[in-house]
Protein chains: 2
Amino acid sequence: MHQKILIIEDNNDIQSLLFDVLSKNYLIYKALDGISGINQFNEVKPNLIILDLMLPQINGESVLKIIRNQSNVPIIVLTAIQNKTTTVDLLRDGANDYLTKPFDIDELQARIEVQLRKETNSEDNHIIIYKNISLNSQTHQTIANNHELNLSKKEFNLLEILLSHPKQIYEKEQLFQIIWHEEYFDSSDNTLNVHISNLRRKLFAATAHNYIVSIWGIGIRFD
Amino acid sequence: MHQKILIIEDNNDIQSLLFDVLSKNYLIYKALDGISGINQFNEVKPNLIILDLMLPQINGESVLKIIRNQSNVPIIVLTAIQNKTTTVDLLRDGANDYLTKPFDIDELQARIEVQLRKETNSEDNHIIIYKNISLNSQTHQTIANNHELNLSKKEFNLLEILLSHPKQIYEKEQLFQIIWHEEYFDSSDNTLNVHISNLRRKLFAATAHNYIVSIWGIGIRFD
DNA sequence: AATGATTAATTAAGGTTTAATTATGTAACG
DNA sequence: CGTTACATAATTAAACCTTAATTAATCATT
């Protein structure tokens, strides 16, 4: 649920294309070169990486090796057709899959699904439990401290996202993207704050704790 | 009972034809291309898939491989006669059966039966018991809290569906499809609500409980 | 340390959407 | 002919989301 994808790609057009399409289903992080790609990888801990081989400064192959050296995160590589690096090399270096440009965006999506499925298939992904809070996305039942909560759709969504990665900071923009499926430009929009407030109130009524903490100027986090 | 079939087919005429015929006996889900087919497969977890080989963007063979990679769900493939992919290829890729267009709709139904038979052989259960409610789908007898209920056909249908998977949320659309065998577009249609209301009243008269809870904006669930 | 600016949190009001109930009409059936 | 089931329509009720207004907290600058 709400998995994170890091896109390492220097071409702005492809970046935006990928963002537009994939942000509907995933939480997208972007890097324009290899160095910041590696840095972001360490910060964000994405569930999947899309890596362009043709990068300024450090080439994609090196990025691939560096990341693979630290993690088994699925990596899908984008190559130009005339690139000398062979498929075999790529896979040996740790790529999970590859596509040659120009690629079909739907095919990319399908391949992403395949890579991510491996991760999520095993666990019964519709129940989240954290501390004394459990949340069932099939029945929409939410229990906190043995009290059943009565959450609205937005509130449930919000809690689901926060609990999927406890302690991780979510920016308001991200939350907006995930819950409302649209970007938010108007930072004066207070809607999200209201929902956070309501969720806090209901959680507090059940647990006498405030689990949702604000990181001033950045976002919120479930503690 | 009420098994789910996912139809992945881009041709609208064939889609509707299949829907009209099959929705009498099964719960139908539709996808117009491979990507949404794969997505729906993961969400819906159908009991059987009907897959057209000729799809826009991603071809059917890829969809077949991707799905088969994750599940043993029976897949029946529809091919055009001039299609190059051989029977052998299809079966090797994991198809359970195939039909060449134009196909006979009755033959398709027969083949569906065959595929589903394997699954459902064991469960020949026509009595559902949950909490203090029991329901016999052969005699239509319904007993709640030792009181025999006098339910109409629609009410019985509804209760049967809800009780077949307690706690699971059913969307109004689903319920409509199962009970009325037709899609419902007009969300202002209030018929279902009336039946829910009546069922609630009768259940309450017998048990003094309201088991059917609404999930606002989503559907209902038997608790 | 004080001040103003920015961001966050709360509260309340309004309007919209969805749900539930009640009432009325219609067709099927014994 | 009267009963029943169902659909349709009208009404009432409830839940929800957004907006706006207000208060509180935090930051940046001096």
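In what follows, chains carry the letters A, B, and so on, assigned in the order in which the sequence lines appear, proteins first and then strands, with residues in each chain numbered from 1.
You'll find the side chain of A/Leu22 reaches within 4.5 Å of the side chain of A/Ile112, heavy atoms only.
In this structure, B/Asn157 places its CG atom 13 Å from C1' of D/dA5, rounding to the nearest Å. One atom, CG of B/Leu175, and another, P of C/dA19, lie 12 Å apart when rounded to the nearest Å. For B/Arg221 and C/dA19, the CZ to P distance is 14 Å, given to the nearest whole Å. Taking atom CG of A/Leu192 as the reference point, atom P of C/dT7 lies 15 Å away to the nearest angstrom. Taking atom NZ of residue A/Lys172 and atom P of nucleotide C/dT6, one finds them 16 Å apart after rounding to whole Å. For the pair B/Ile215 CD1 and C/dA19 P, the interatomic distance rounds to 10 Å; values are reported in whole Å. The distance from atom CD1 of B/Ile218 to atom C1' of C/dT17 is 14 Å, rounded to the nearest whole Å. We find that CG of B/Leu199 is positioned 12 Å from P of D/dC6, with the value rounded to whole Å.
B/Asn25 is linked by a side-chain hydrogen bond (donor to acceptor under 3.5 Å, both in side chains) to nothing, counting only residues two or more places apart in sequence or in another chain.
Classified by interplanar angle (parallel below 30°, tilted 30° to 60°, perpendicular above 60°), the ring pair B/His165/B/Tyr170 is tilted.
Within 6.0 Å of the CD atom in A/Gln168, the count of heavy atoms belonging to other residues, nucleotides or ligands exceeds 12. Applying the 6.0 Å contact sphere to CG of B/Asn150 captures no more than 12 heavy atoms from other residues, nucleotides or ligands.
Heavy atoms of A/Arg200 sit under 4.0 angstrom from primed sugar atoms or phosphate atoms, though from no base atom.
Side-chain atoms of A/Gln15 come within 3.5 Å of backbone atoms of A/Ala31 as a donor-acceptor pair (strictly under, hydrogens ignored).
Residues B/Gly217 and B/Arg201 both approach DNA chain C. Their nearest nucleotides, taken by heavy-atom distance, put B/Gly217 toward the 5′ side. Nearest-nucleotide mapping onto DNA chain C: of A/Ile212 and B/Ser197, the residue sitting toward the 5' end is A/Ile212.
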**Per-nucleotide protein contact string for nucleotides 14-25 of chain D (B base, S sugar-phosphate only, - none; heavy atom under 4.0 Å)** = -BSSBBBB----
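Geometric assessment of B/Lys30 against the ring of B/Phe19 yields a positive cation-pi assignment under the 6.0 Å and 45° thresholds.
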